[in-house]
There are 2 protein chains.
Amino acid sequence: MPKAVDHDSRRRKIADAVCRLADKRGFEGVSLRDVAAEADVSMGAVQRCFHTKEDMLRFALQEVGRRALSRARGAEPQVGAPLPQVTGEGVLSHRSEAKVWLAFAAQAAVSPPLAEVLRANYAELHGIFTRLLADRPDPEHAATTLLALADGLTTHVVVGHLSHDQARAVLEAHLAE
Amino acid sequence: MPKAVDHDSRRRKIADAVCRLADKRGFEGVSLRDVAAEADVSMGAVQRCFHTKEDMLRFALQEVGRRALSRARGAEPQVGAPLPQVTGEGVLSHRSEAKVWLAFAAQAAVSPPLAEVLRANYAELHGIFTRLLADRPDPEHAATTLLALADGLTTHVVVGHLSHDQARAVLEAHLAE
DNA sequence: TCGTAGCTAATGCAAGCGCATCGAAAGGTT
DNA sequence: AACCTTTCGATGCGCTTGCATTAGCTACGA
């Protein structure tokens, strides 16, 4: 029988292809055939890794979320270390896959499985930001506000209403309050 | 020859159908056939009102934007009247077609014609909010921040991370600063 | 009445979609 | 070598899509 395939690795490879396509063409640009081509695997391989397109999209969104969490966690305090400075750039960086996130968020509005993944991710991000803002009078509320502001600014940057620098400046001013 | 058709009225009727479908099924649910059925007109009528699907979507987004501006303008001060109170509910109401806006925003990320419509709309909204926040130290910056916060909160409500009431409370607290 | 201009709805067309299927290939075991 | 299991890639299938096309209808003016 043929060499065993590293399914985890392949699934991630395919999820990365999904994100690249969503970034370039939006959600509608994510067809199985295009994903297979982008990931340099066959259609059959995509189908063997994911039973349905929805499974594939869910996994891709989970990957996006994992990466966002990983970046946010990189800003978390180490045990015994002083509370790190929360910066505008740092907050924006957790949405570095902005277009992809926006495409998924819009789809999540009409797809409960995707919405579920997003909610779980938001809950964890909220926890991380609450800890990062532990020196505020109400860290939870501050985290809620900061997350929303960051996402709103990200959307405005994506559509070209604001520049990245403007968005960062807004966050810095907000954090300075 | 047949009775002249009120094209403006029909275009708006079709745009409304687009928005209803986008609200229920996201952007992918907006096919010409479904729009025609939703608007209770034939495929031919849709095609006669809009040369391409892109035209139709652009017009629909303009309609969404016009409605948002109309709502925001309703909050604008009348000449000689005192500056009205900006409320959280008032700010959120300009995004009452939240899912539709989110779907269009995501698509605008990869569609320059839609992005252009959105930018123009944001610019006008920004102007309105700047005037509404004229009593702040920096009204422009305050408007930028408020718009972003509102959009971020709207997204979080749509995906179910926050409730409408939570979003409103965040805005009220922000406005009270 | 006839001709014309505007409007109509249904359908054709080519392309693409997600998912299922199938014969072939590959590697391990006996 | 033969057999079995796993993996493979190409393609079939039924359906949907945007846009083009066609034959027909209607109202108005000469």
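Lettering follows sequence order; numbering is per chain, from 1. Everything numeric here is computed off the predicted structure, so don't read it as measured data.
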Worksheet entry | B:Thr144 versus B:His126, side-chain donor and acceptor atoms under 3.5 Å | yes
Worksheet entry | Rounded distance in Å - NE2 (A:His51) to C1' (C:dA20) | 14 Å
Worksheet item: Within a radius of less than 6.0 Å around CD of B:Glu116, do more than 12 heavy atoms belonging to other residues, nucleotides or ligands occur?
Response: no
Practice prompt. Indicate the atoms forming the closest heavy-atom contact of B:Ala106 with A:Ala103, along with that distance.
Written response: CB-CA, 4.0 Å
Worksheet entry | Nearest-Å distance for atom pair CD1/C1', residues A:Ile14 and D:dG9 | 14 Å
Item to complete: For B:Thr154 and B:Ala98, work out which heavy atoms get closest and say how close.
Response: CG2-CB, 3.4 Å
Worksheet item: Can you check whether B:Gln166 reaches A:His141 side chain to side chain, under 4.5 Å on heavy atoms?
Response: no
Worksheet item: Of all of residues 109-117 of chain B, which get a heavy atom below 4.0 angstrom from DNA chain C, listed by number?
Response: none
Worksheet item: Transitively linked via ILVMFWY side-chain contacts under 4.5 Å: A:Val157 with B:Trp101?
Response: yes
Worksheet entry | Euclidean distance, atom CZ of residue A:Phe27 to atom P of C:dC17 [Å, nearest integer] | 14 Å
Discussion item. Measure CZ/A:Phe50 against C1'/D:dT7 and give the value in whole Å, please.
Written reply: 17 Å
Response to the item:
With sugar-phosphate taken as primed atoms, P, OP1 and OP2 and all else as base, the protein-contact string of nucleotides 10-18 of chain D at under 4.0 Å (heavy atoms; B, S, -) is --B----BB
Practice prompt. Would you give the length of the straight line joining atom CZ of B:Arg20 to atom CD of B:Glu97, rounded to the nearest 0.5 angstrom?
Written response: 11.0 Å
Fill in: Centroid separation B:Phe50 to B:Phe59 less than 6.0 Å
yes
Discussion item. Without decimals, in angstroms, what is the distance between B:Arg10 CZ and C:dC7 P?
Written reply: 9 Å
